[in-house]
Novice: 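Please find one structure pasted underneath; my questions will follow.
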Amino acid sequence: MTKIQTGKNTEIVTASKASIRKAADILTRGGLVALPTETVYGLAANALDGKAVAGIYEAKGRPQFNPLIVHVLNEKFAAQYAEMHETARRLADQFWPGPLTMILPLKPESELSKLCSAGLDTIALRVPAHRTMRAVLSECNLPLAAPSANRSGTLTATTPVIVEATLSGHIDMILADGACDVGLESTIIDVSDELKPVILRTGAITSSQISDCLDGRVVEHDTDHKKDGDTIRSPGQLLKHYAPSVPVRINAIDVMPGEALLAFSNDRFMGVRGGGSVKDLPETAYRNLSETGDLNEAASNLFRMLHELDRPEHTAIAVMNIPDNGLGKAMNERLKRASMV
Ligand code: TXA
Ligand code: MG
């Protein structure tokens with residue numbers, strides 16, 4: 001198998017049996033493919049492969065790790081990754097496949113990369129209706145993380161021409177199949193608390209349709225009207241960010257007794273204050289985001305390793321300095337936030 005070189009040549013092809021197979025192959029090998037859904041074009045990567053998911057953030061030039069929507073072929077796949085409670089099943093039966101995204105409790109045993117959920121214990125899932133997207137999902141037999149296929153801060157892409165204008169040169173393939181039917185991103189409903197469904201983003205499926213489906217139950221709204229669908233900023237409840245329950249100490253140049261170490265790259269010169277080497281830290285108190293200093297690898301490990309080091313016996317998690325370029329910017333943004341709580 002040859003290694004995919006993301007960001008070199010972007011192949012633009014119209015959807016056909018052969019190109020769909022090729023797209024599935026690129027995705028299976030960790031590459032990035034822009035492809036149509038019924039709402040907008042999505043920028044897809046294998047949701048089980050952290051490095052591939054990290055590639056999405058890099059290609060989008062997004063300085064923040066916001067959680068992504070994971071697309072699956074059907075409700076059965078959804079149940080592998082999320083708790084499909086009664087409310088979720090009713091909504092799924094009625095609106096899937098289609099433009100409804102549900103935020104659901106993430107199953108702890110789910111093998112999705114933690115970067116998809118940005119460390120949160122919830123996951124956004126959607127079963128898309130578009131035939132090309134469905135053909136790719138079924139061909140690769142993988143869950144696909146896919147935010148809208150536009151560079152950060154640019155127009156949402158509803159045609160292959162718009163995708164090409166901002167993402168060409170950053171991804172492996174654009175699978176072109178005309179303009180999107182809906183032309184607006186999916187409705188997002190947070191049903192992580194089954195008893196309190198909240199609409200976080202309005203879209204083609206309306207709150208009254210949702211309410212009807214749930215026997216007239218009142219569905220709260222927590223949206224504001226941002227032009228850029230990339231960020232959810234809700235007046236009452238800002239997008240939740242993951243932070244470990246023990247303190248995070250950033251830009252650490254040594255480790256204090258009792259702390260765990262989240263290293264980056266070479267940690268030869270890190271010591272334990274008062275004497276000792278980081279080599280003597282127990283396995284449960286030491287992780288290295290990337291021994292070779294690869295920022296994409298580090299990003300793919302960030303949330304998983306923070307979770308693993310988040311143990312009550314640690315007084316804090318000391319994090320080594322991470323270069324503030326490429327995905328390092330998004331990592332530093334998250335770590336800074338976590339260090340302030
Ligand atoms: O129509 C769509 O939904 C398109 C197509 C490609 O499916 N996708 C899309 O994805 O719009 P994206 O990543 O651009 O928007 C996903 C939104 C983000 O604002 C993110 O913050 C929110 O969903 N989100 C994802 N997971 C979340 C979670 N666990 N909790 C709260 N918000 C979440
Ligand atoms: Mg978006």
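In this text, all values refer to a predicted model and were calculated from it rather than measured experimentally. Counting starts at 1 for both ligands and their atoms, following the listed order. Computed over heavy atoms, backbone and side chain alike; hydrogens, waters and symmetry mates excluded.
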Novice: Does any N/O atom on Arg126 come nearer than 3.5 Å to any N/O atom on ligand 1?
Specialist: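 Min N/O separation from ligand 1 is below 3.5 Å for Arg126.
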
Novice: Using a 3.5 Å cut-off on N or O atoms only, is Ser186 in polar contact with ligand 1?
Specialist: yes

Novice: Test of geometry: compute the angle OE2(Glu185)-the Mg ion (ligand 2)-OG(Ser148) and round it to 10°.
Specialist: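 If I round to 10°, I get 80°.
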
Novice: Can you spot which of Val40, Thr37, Ile69 makes a side-chain contact (heavy atoms from CB on, under 4.5 Å) with Ser186?
Specialist: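 Passing option: Ile69.
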
Novice: What about Asn66: any of its N or O atoms under 3.5 Å from an N or O on ligand 1?
Specialist: no

Novice: Would you check whether Thr39 has a nitrogen or oxygen atom less than 3.5 angstrom from a nitrogen or oxygen atom of ligand 1?
Specialist: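 Yes, there is a polar N/O contact under 3.5 Å.
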
Novice: If I take every N, O or S atom of Thr156, is at least one of them less than 2.8 Å from the Mg ion (ligand 2)?
Specialist: no

Novice: Would you indicate which of Gly203, Ala44, Pro67, Cys116 comes nearest to atom 26 (N) of ligand 1 when only heavy atoms are counted?
Specialist: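 Shortest heavy-atom distance from atom 26 (N) of ligand 1: Pro67.
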
Novice: Hey, are Glu333 and Arg337 close enough for a salt bridge, meaning a charged N less than 4.0 Å from a carboxylate O?
Specialist: yes

Novice: Determine whether a donor-acceptor pair (N or O, by modelled atom type, separation under 3.5 Å) exists between the side chain of Arg134 and the backbone of Pro128.
Specialist: yes

Novice: Looking at ligand 1, is there an atom of it that comes within less than 4.0 Å of some heavy atom belonging to Ser117?
Specialist: no

Novice: Answer yes or no: is there a donor N or O on one side and an acceptor on the other, between the side chain of Asn74 and the main chain of Phe77, under 3.5 Å?
Specialist: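 Yes: the side chain of Asn74 pairs with the backbone of Phe77.
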
Novice: Would you indicate which of Gly42, Pro105, Ala34, Ala124 comes nearest to atom 6 (C) of ligand 1 when only heavy atoms are counted?
Specialist: Gly42

Novice: Could you tell me whether a side-chain N or O of Glu38 sits under 3.5 Å from a main-chain N or O of Ala129, the two making a donor and an acceptor?
Specialist: yes

Novice: Tell me whether Thr101 contacts the main-chain N or O of Ile188 through its side chain, where contact means a donor paired with an acceptor under 3.5 Å.
Specialist: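 No; judged by distance alone, with no hydrogens or angles, the pair does not exist.
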
Novice: In chain order, what residues pass the side-chain hydrogen bond (donor to acceptor under 3.5 Å, both in side chains) check against Glu291, with sequence neighbours excluded?
Specialist: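 So Glu291 forms no side-chain hydrogen bond (donor to acceptor under 3.5 Å, both in side chains) with any residue.
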
